[in-house]
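Written out below as structure tokens is the structure these notes cover.
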Amino acid sequence: MATSVLCRVQSLIRKDLFLSVSRCSVLLKNTYLVKSNETDECSLEFLEGDNEGIAVISMNRPKAKNSLGKVFLSQFQGCINNVKFEKNIRVLIIRSMVPGVFCAGADLKERAKMTNEEVGPFVAGLRQSVTDLSNIPMPTIAAIDGYALGGGLEMSLACDMRTASSNAKMGLVETKRGIIPGGGGTQRLTRVVGPALAKELIYTARMFDGHEAAKLGVVNHSVDQNDAGDAAYQRAVELALEITPNGPVALRMAKMAISKGSDVDLTSGMGFEECGYAQVIPTKDRIEGMKSFIEKRTPVYKGE
């Protein structure tokens with residue numbers, strides 16, 4: 001079965017992670033590159049200087065606590081569509097610009113005005129945006145500096161890693177409203193903490209703070225909140241800076257092998273690892289990594 005998996009995904013990975021990058025990055029270069037104006041509910045920024053290689057999607061819908069409405073999701077999707085083709089970006093961070101809030105979940109006021117026929121397609125679109133976030137090829141970090149409820153927590157669970165401030169409040173609270181998580185929460189939380197604990201948290205609609213989230217394994221790191229209210233973001237940048245010196249192609253292949261392999265049996269998972277390794281062998285980055293080691297210097301990777 002591993003051989004079958006290897007043959008099936010090898011050409012797909014070559015196409016999606018190499019050819020598509022080179023063809024599409026130029027076309028999308030001028031869209032959502034930096035935070036634009038105050039009316040943007042989601043915006044994309046490429047950090048520079050010592051933080052080069054890090055991209056940040058900032059959520060900024062203060063009146064609605066970053067709730068997931070139509071305009072918000074459209075702009076969020078635009079940011080995702082742009083950054084995924086940037087081969088020189090090593091890490092993507094998702095953060096909030098609204099004090100005390102990461103994302104309060106679905107926009108229930110907007111949802112209440114929808115007909116039953118409109119709700120299904122909207123939730124499907126929300127689920128697809130969260131799925132697209134999870135499929136971004138480079139490592140991703142959610143910086144949770146405040147409330148992350150329902151769809152907000154689902155968004156963070158779609159990231160590879162999560163940092164949280166001590167005063168953050170998280171939970172999949174949908175059963176309190178007579179519904180269930182609809183943005184992948186039932187599946188992703190289960191894969192993060194295991195089925196028994198995921199069932200408990202979803203059945204009870206329990207909320208928990210950042211330190212509790214770390215103990216439960218929901219987040220990677222929890223830090224005491226600072227005066228600026230961005231401790232989780234600062235910790236996310238620190239974590240990103242541990243990642244950015246490493247080869248971007250290698251990072252993407254490692255993410256592919258882990259993400260795809262975790263959903264299949266071990267033998268099939270080894271096939272994904274073999275496939276990822278095969279993609280790294282012919283790269284200039286691999287040669288640079290070996291050469292810099294022999295020359296005892298810091299490697300300079302170009303994502304090629």
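Counting begins at 1 with the first residue of the sequence. Hydrogens, waters and symmetry mates are skipped; everything else that's a heavy atom, side chains included, is used.
- Shown are L216, L201, V173; of these, the side-chain contact (heavy atoms from CB on, under 4.5 Å) with R206 is made only by L201.
- Between N66 and M97, every side-chain heavy-atom pair lies at or beyond the 4.5 Å cut-off.
- The shortest side-chain heavy-atom distance between E154 and E174 falls under the 4.5 Å cut-off.
- Side chains of S268 and D265: a donor on one and an acceptor on the other come within 3.5 Å.
- Looking at N60 and D40, their side chains never come closer than 4.5 Å, going by heavy atoms from C-beta outward.
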(request) Determine, stepwise, if the pair S166 / V223 fulfils side chain to side chain contact (heavy atoms under 4.5 Å, CB included). (result) CA-CA 6 Å; S166 55; V223 291; over 6 Å; no
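- Ion pairing between a basic and an acidic side chain is recognised when a charged N comes within 4.0 Å of a carboxylate O; K302 and E304 show no such pairing.
- You'll find the side chain of M170 stays beyond 4.5 Å of the side chain of L149, heavy atoms only.
- In the hydrophobic clustering of this structure, V219 does not group with V101; members are Ile, Leu, Val, Met, Phe, Trp, Tyr whose side-chain heavy atoms approach within less than 4.5 Å, directly or through other members.
- With S222 contributing its side chain and H211 its backbone, the two residues share a donor-acceptor pair below 3.5 Å.
- Using a 3.5 Å distance cut-off with no hydrogens or angles, the side chains of H221 and T163 do not pair a donor with an acceptor.
- In plain terms, the two heavy atoms of V300 and E288 that are nearest each other are N-OE2, 2.8 Å.
- Of the residues R61, Q77, Q75, the one that meets the side-chain contact (heavy atoms from CB on, under 4.5 Å) test with C42 is Q75.
- Looking only at distances, a side-chain donor or acceptor of S134 sits under 3.5 Å from a matching main-chain atom of T131.
- When all heavy atoms of D285 and P248 are compared, the pair lying nearest together is OD2-CD, 3.6 Å.
- Counting Ile, Leu, Val, Met, Phe, Trp and Tyr side chains that sit under 4.5 Å apart, directly or through other members, I243 shares a hydrophobic cluster with L47, I54, V56, V91, I93, I141, M161, Y233, V237, L239, L241, L251.
- Between F272 and M256 the shortest side-chain heavy-atom distance falls below 4.5 Å.
- Both I136 and F46 sit in one connected hydrophobic cluster of ILVMFWY residues. Membership requires side-chain heavy atoms under 4.5 Å apart, directly or through other members.
- The pair D145-R95 does not count as a salt bridge, with every side-chain nitrogen at least 4.0 angstrom from each carboxylate oxygen.
- Transitive grouping of hydrophobic side chains (ILVMFWY, heavy atoms separated by less than 4.5 Å) keeps Y147 and F76 in distinct clusters.
- A salt bridge does not link D132 to K84: none of the charged nitrogens lies less than 4.0 Å from a carboxylate oxygen.
- A continuous path of hydrophobic side-chain contacts links L126 to M114 [ILVMFWY only; heavy atoms under 4.5 Å].
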(message) Please evaluate residues F208 and V218 with respect to the criterion side chain to side chain contact (heavy atoms under 4.5 Å, CB included), reporting the C-alpha separation (whole Å), side-chain torsions for both, the decisive distance (0.1 Å), and the verdict.
(response) CA-CA 10 Å; F208 42 90; V218 176; 4.1 Å; yes
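- Side chain of R191 to main chain of Q187: a donor-acceptor pair is present (N/O by atom type, distance under 3.5 Å, no hydrogens or angles).
- With a 4.5 Å cut-off on side-chain heavy atoms, I202 and P181 count as touching.
- Between A205 and T175, the shortest heavy-atom contact is CB-OG1, 3.5 Å.
- The heavy-atom pair separating Q225 from N167 by the smallest distance is NE2-OD1, 3.4 Å.
- Annotation for V280 and A250: closest pair CG2-CA, 4.3 Å, computed over non-hydrogen atoms.
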(request) Give the intermediate values and the outcome of side chain to side chain contact (heavy atoms under 4.5 Å, CB included) for residues S156 and F102. (result) CA-CA 9 Å; S156 74; F102 177 74; 4.2 Å; yes
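- Between the side chain of K255 and the backbone N or O of P137 there is no donor-acceptor pair closer than 3.5 Å.
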(message) Please determine whether salt bridge (charged side-chain N to carboxylate O under 4.0 Å, His left out) holds for the pair D107 and K70, giving the CA-CA distance in whole Å, both sets of side-chain angles, and the decisive distance to 0.1 Å.
(response) CA-CA 9 Å; D107 188 335; K70 292 180 180 178; over 6 Å; no
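- Side-chain atoms of E52 and T244, non-hydrogen and from C-beta on, never get closer than 4.5 Å to each other.
- In terms of heavy-atom proximity, E200 sits nearest to T204 at O-OG1, 2.7 Å.
- Linking Ile, Leu, Val, Met, Phe, Trp and Tyr residues whenever their side-chain heavy atoms come within less than 4.5 Å places L157 and L197 in a single cluster.
- In this structure, the side chains of L133 and M155 come closer than 4.5 Å at one or more pairs of heavy atoms.
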(request) Decide side chain to side chain contact (heavy atoms under 4.5 Å, CB included) for K65 and V98; before the verdict, give the C-alpha distance in whole Å, the side-chain angles of both, and the deciding distance to 0.1 Å. (result) CA-CA 7 Å; K65 298 181 179 179; V98 181; 5.8 Å; no
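- Between the side chains of R235 and S165, no donor-acceptor pair of N or O atoms lies under 3.5 Å.
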